[in-house]
Amino acid sequence: MRHSRLTLWLLGGFTLLVYAYKILPVFVVVALAFNPPEFGSFPIVGFTTRWFGGLLDNPAVVTAVKTSLRLAVATAAIATVLGVAAAYALVRYPFRGRAAVQLLLTMPILVPHLIVGVGLLLAFRILGLSRSFTLMLLGHVALTMPFVILTTQHRLQAIPLYLEEASRTLGANGWQTFREVTLPLAAPAIVTGFVFAFMSSFDEVTATLFWRPANFDTVPIYVLSELQNSVSQELNALAAALVGFSVGVPVLTMLLLHLWTSRRRRPARAPEATPAWQPATEGDAR
Amino acid sequence: MSAPAAVEMRRVSRHYGSVAAVDDLDLTIAEGEFVALLGSSGCGKTTTLRMMAGLEQPSSGDIVVKGRRVNDVPVHARNVGMVFQNHALFPHRTAFENIAFGLKYRKVPKPEIARRVARALEVVRLPHVADRLPSQLSGGQQQRIAVARAIVIEPDLLLFDEPLSALDAGLRDELRVELKRIQKSLGITTVFVTHDQQEALSMADRIVVMHGGRKRQEGTPEDIYRAPNSEFVMRFFGRVNSLPGTVTSAGGGTMQVALAEGVSLPVPGDAAPGTKLSLLLRAERLRLVPDDGTPALRGHVTGVDYLGMMVRYDVACGGETFQAIQPAEDAVLPIGTPVALSLRGEDLVLS
Ligand SMILES: Nc1ncnc2c1ncn2[C@@H]1O[C@H](COP(=O)(O)OP(=O)(O)OP(=O)(O)O)[C@@H](O)[C@H]1O
Ligand SMILES: [Mg+2]
């Protein structure tokens with residue numbers, strides 16, 4: 001099908017509008033956060049970082065940041081350990097019911113967080129458990145483990161089985177083989193999974209609202225509850241910081257991973273150019 | 001009593017579902033021996049090798065190393081060196097680290113590791129590539145490093161699974177000679193899997209021909225080539241002609257067999273006069289000679305395949321086509337040339 005020039009322009013314009021609609025508010029928040037006046041409003045009259053400085057003096061914000069980091073780090077750590085183990089089992093062992101386990105473990109990525117949130121809360125009610133940090137942690141692990149499983153699984157499938165077999169014939173047992181061969185080769189994918197898990201735990205709001213104990217705020221939940229009062233400059237600054245963090249961490253991770261893997265792949269010296277069938281020793285034996 | 005064999009497989013079978021990949025295999029390999037497992041694709045060579053390594057469990061039967069049953073010994077405790085078809089070097093480790101890998105798990109002290117790795121690199125003639133990653137080595141170098149990694153642990157048993165099949169022809173010949181030299185100089189008991197009869201003939205002390213998970217024949221390369229115990233084994237080592245004949249007289253282990261066109265030859269064997277036989281003859285044992293009028297099988301050339309050192313002819317003779325491989329020292333006969341076929345009774349094998 002051929003599009004007329006007009007339809008192409010319309011399509012392009014509409015696409016731009018959609019992106020603008022989604023992204024402009026983010027820019028507005030970030031721009032306002034650096035604006036000196038007390039009440040977050042246009043026009044932009046100058047540049048200041050004092051609203052960010054003010055955040056550090058607000059104990060509620062500091063507590064929320066600490067909570068969020070504690071939760072996200074613990075979530076990512078647990079989700080990574082369990083997720084890597086699950087991915088390894090799913091890729092390397094053809095056990096009965098593998099497809100069902102795969103579906104069950106990766107389902108939370110497909111189900112709306114509202115449903116996961118309510119579901120887990122109900123399950124704990126029935127078991128007679130009250131809301132706690134542990135409950136929240138468990139919930140976050142369930143929500144974020146699919147990221148680790150999927151990235152790791154994908155990578156593991158590309159690691160040939162014979163490398164692990166070679167390692168075992170050389171005298172490394174199952175665990176040593178995993179540590180020395182599988183883990184280093186899968187490391188970039190595992191790091192990616194960890195960061196994914198960390199970020200999605202850090203940003204999670206919907207399900208967390210159901211799980212958190214009273215007066216237990218993560219950063220996004222603090223922002224949400226403060227919004228009900230008013231839009232202050234401090235809140236704009238916090239939101240801007242959140243945006244920076246949410247974009248910065250993954251971008252930085254990708255950059256570092258890229259540097260790491262490309263350094264490992266790039267030949268330090270060019271491979272020998274001599275025809276392969278010549279005895280390889282002559283000349284350059286030292 | 002003689003020392004126990006380096007490896008014994010006693011009535012070993014391995015089933016995958018209803019498929020018997022290896023079927024009731026008996027195999028004894030002596031200390032220091034180089035045995036080739038030879039067979040076409042899917043005959044169970046790899047499965048046999050993997051069971052020796054411990055990477056696969058037999059469905060039944062015992063695997064015995066130096067008199068000790070090892071069925072339940074895990075791979076990492078078996079002390080086997082294995083070289084895979086695709087080298088299987090660890091891509092994130094340098095050549096040095098790859099070779100040192102097995103020594104680490106044998107609690108060899110660091111300075112000694114360095115010494116032994118250096119020696120292994122000398123053995124495979126690559127002392128200068130220690131610091132390179134596998135991706136910085138050529139295919140042949142990678143395979144040599146894989147060999148160094150397997151021999152440096154001084155294994156009880158060295159296993160090769162078609163280690164040369166991924167290399168180009170020239171390199172394959174060179175490495176073939178090299179592997180043989182290394183194996184002999186170190187005296188490591190070796191099992192070498194291949195589907196290439198040339199490789200098996202030139203390298204092995206003993207060849208085991210497999211088919212359908214079973215052993216069809218075993219013996220020295222010469223035995224197997226000279227005295228195949230079946231048409232199957234004979235055909236595995238080259239092109240074979242089959243000639244019909246009739247026994248006219250017999251006695252004393254030799255019988256007179258009449259072929260077509262009044263040709264009659266003494267052939268080893270005993271069968272009652274009048275018996276119809278099918279005789280097998282290798283293409284390289286059938287000679288094309290000028291027609292001098294004496295009784296002979298006659299025909300004319302219908303196909304020529306010039307191979308450099310050799311020429312392979314198709315010759316139509318009666319209703320059949322025979323194949324003859326001749327040294328290419330004379331001028332190549334053009335298609336249509338009338339020829340006589342010369343053959344010797346002792347080269348004929350009963351099918
Ligand atoms: N893991 C497995 N699952 C099912 N069947 C298998 C498995 N491994 C091998 N087989 C079957 O067992 C038989 C022997 O396989 P094996 O790999 O030992 O053959 P091979 O002689 O090494 O062949 P090739 O020369 O092609 O490598 C084949 O029919 C194969 O399909
Ligand atoms: Mg094979």
Side-chain angles (χ1 to χ4, degrees), chain A residues 92-94 96 155-191 257 259-286, chain B residues 50 53-55 74-94 98-99 101-106 122 124-133 135-141 144 146 149-150 152-153 155 159 161 167-175 178:
Chain A
R92 288 290 191 246
Y93 300 101
R96 193 183 286 268
R155 176 67 195 135
L156 285 180
Q157 270 153 359
I159 299 176
L161 193 58
Y162 55 71
L163 289 183
E164 292 173 21
E165 292 181 341
S167 158
R168 282 156 66 211
T169 63
L170 289 166
N173 63 27
W175 167 245
Q176 289 162 335
T177 294
F178 181 75
R179 206 186 51 205
E180 291 279 319
V181 178
T182 319
L183 208 53
L185 291 174
I190 295 173
V191 170
L257 277 180
L259 277 179
W260 179 32
T261 51
S262 65
R263 193 190 40 162
R264 213 168 40 168
R265 233 178 287 124
R266 190 179 313 127
R269 280 165 290 176
E272 232 153 301
T274 51
W277 56 86
Q278 283 184 5
T281 41
E282 22 104 283
D284 57 341
R286 286 173 203 161
Chain B
R50 289 171 60 84
L55 291 168
V75 187
H76 63 90
R78 283 208 190 178
N79 200 32
V80 293
M82 185 146 174
V83 179
F84 296 76
Q85 181 170 359
N86 34 25
H87 71 69
L89 293 177
F90 306 126
H92 58 305
R93 298 261 188 267
T94 62
N98 264 283
I99 299 171
F101 193 92
L103 296 175
K104 272 195 315 199
Y105 295 105
R106 283 168 176 71
E122 303 262 339
V124 297
R125 302 182 196 236
L126 286 177
H128 56 297
V129 304
D131 300 329
R132 295 200 205 162
L133 289 173
S135 59
Q136 298 164 331
L137 297 169
S138 72
Q141 291 174 330
R144 284 162 194 263
R149 184 177 71 174
V152 77
I153 59 173
L159 304 174
D161 193 356
L167 307 174
D168 64 60
L171 191 56
R172 201 155 54 217
D173 287 349
E174 181 204 322
L175 264 182
E178 191 116 328

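Convention: sequence-line order gives letters A, B, ...; per-chain numbering from 1.
Pairing each heavy atom of Ala88(B) with each of Tyr162(A), the nearest pair is CB-CD1, 3.4 Å. Of all heavy-atom pairs between Glu180(A) and His92(B), the closest is O-NE2, 3.0 Å.
For residues 168-177 of chain A, heavy-atom neighbours of chain B at less than 4.5 Å comprise Arg168(A), Thr169(A), Leu170(A), Gly171(A), Ala172(A), Asn173(A), Gln176(A), sorted by residue number.
Shown here are the side-chain hydrogen bond (donor to acceptor under 3.5 Å, both in side chains) partners of Glu164(A), two or more places apart in sequence or in another chain: Tyr88(A), Arg92(A), Thr182(A). Contacts of Arg50(B) classified as side-chain hydrogen bond (donor to acceptor under 3.5 Å, both in side chains), with partners at least two apart in sequence or in another chain: Glu165(A), Glu56(B). Under the side-chain hydrogen bond (donor to acceptor under 3.5 Å, both in side chains) criterion, Asn86(B) pairs with no residue at all, not counting sequence neighbours.
Contacts of Leu89(B) with chain A are made by backbone atoms alone, with heavy-atom separations under 4.5 Å and no side-chain atom involved.
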* To do: Report the C-alpha distance between Val181(A) and Phe101(B) in whole Å, list the side-chain angles of each, state the deciding distance to 0.1 Å, and finish with yes or no for side-chain contact (heavy atoms from CB on, under 4.5 Å).
  => CA-CA 10 Å; Val181(A) 178; Phe101(B) 193 92; 4.0 Å; yes

